[in-house]
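Lettering follows sequence order; numbering is per chain, from 1.
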Amino acid sequence: EAGVVQSPRYKIIEKKQPVAFWCNPISGHNTLYWYRQNLGQGPELLIRYENEEAVDDSQLPKDRFSAERLKGVDSTLKIQPAELGDSAVYLCASSSSDLQETQYFGPGTRLLVL
Amino acid sequence: QKEVEQNSGPLSVPEGAIASLNCTYSDRGSQSFFWYRQYSGKSPELIMFIYSNGDKEDGRFTAQLNKASQYVSLLIRDSQPSDSATYLCAVTSSASKIIFGSGTRLSIRP
């Protein structure tokens, strides 16, 4: 069974540029999470989807961040415009409805904003 | 006060000894408790979860939960160099939010 797939793995951009991250969860997992992890910190939840519905986006900085999961499968997280402080690892995770609290993480996208 | 607190370490333990990792949480209504292992440059992977007070054992790992003291711990018996990693404690709060601690760096010295 394939794991959670994320792309790109690395991204370097200049501040004020837009950037997008893509995630494909484990097949059959209807819950998808986006996290941000800063160096030396634990992951911080940005948004959680149940199928195509965003059920928790309270931590998403909505002035510059947006996310979508149109068909309830893969998802895109966008930042526009990026700021220096957005440099971090962006992790996607998924879980199934019958074991929702067991999350499987993707490899992450390491973002560097210059 | 942070919602989930862990000592950042590093915690240095000799090979073969027991490593003890601790975590405290602030939300008394928290329901579920998790331990993740994260190797440097890698993503977190779930080691164990525990819901009820007491101990839960899985191989060399034992999770301990004390809801009255708002305390959860992870014991690693017969520590191996491959156990060297950062261990993240995560808690599902009463609002069903998943909150991670900052992690404890564990180093197993041969």
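In terms of hydrophobic clustering, with Ile, Leu, Val, Met, Phe, Trp and Tyr side chains grouped at heavy-atom distances under 4.5 Å, A/Tyr49 and A/Leu91 are assigned to different clusters. Linking Ile, Leu, Val, Met, Phe, Trp and Tyr residues whenever their side-chain heavy atoms come within less than 4.5 Å leaves B/Val72 and B/Leu75 in two separate clusters. Under a hydrophobic-cluster definition in which Ile, Leu, Val, Met, Phe, Trp and Tyr are linked whenever side-chain heavy atoms come within less than 4.5 Å, directly or via other members, B/Ile47 and B/Ile108 are assigned to the same cluster. Hydrophobic clustering keeps A/Leu114 apart from A/Val89 (ILVMFWY residues linked when any side-chain heavy atoms are closer than 4.5 Å, directly or through intermediates). A/Leu46 and B/Ile99 fall into different hydrophobic clusters, where Ile, Leu, Val, Met, Phe, Trp and Tyr are joined by side-chain heavy atoms under 4.5 Å apart, directly or via other members.
Rounding to the nearest 0.5 Å places CG of A/Leu45 at 7.0 Å from NZ of B/Lys97. In this structure, CD in A/Gln37 is found 9.0 Å from OG in B/Ser43, a value given to the nearest 0.5 Å. Taken to the nearest 0.5 Å, the CG atom of B/Leu88 stands 10.5 Å off from the CD atom of A/Gln41. The CD atom of A/Gln103 sits 7.5 Å away from the CZ atom of B/Phe34 when rounded to the nearest 0.5 Å. Considering CD of B/Gln38 and CZ of A/Phe105, their distance stands at 8.5 Å, rounded to 0.5 Å.
With a 4.5 Å cut-off on non-hydrogen atoms, A/Tyr35 touches chain B through its side chain but not through its backbone. With a 4.5 angstrom heavy-atom cutoff, A/Pro43 touches chain B via backbone and side-chain atoms both. Proximity to chain A (any heavy atom under 4.5 Å) is restricted, for B/Tyr51, to the side chain, taken from C-beta onward.
Between B/Ile98 and A/Tyr33, some side-chain heavy-atom pair lies under the 4.5 Å cut-off.
Under a cut-off of 6.0 angstrom, the local environment of OH in A/Tyr104 is sparse, with at most 12 non-hydrogen atoms contributed by other residues, nucleotides or ligands. No more than 12 heavy atoms of other residues, nucleotides or ligands sit less than 6.0 Å from atom NZ of A/Lys71.
Per-residue counts of heavy-atom pairs under 4.5 Å with chain A were compared for B/Ala90, B/Gly101, B/Pro44, B/Cys89; the largest is that of B/Pro44.
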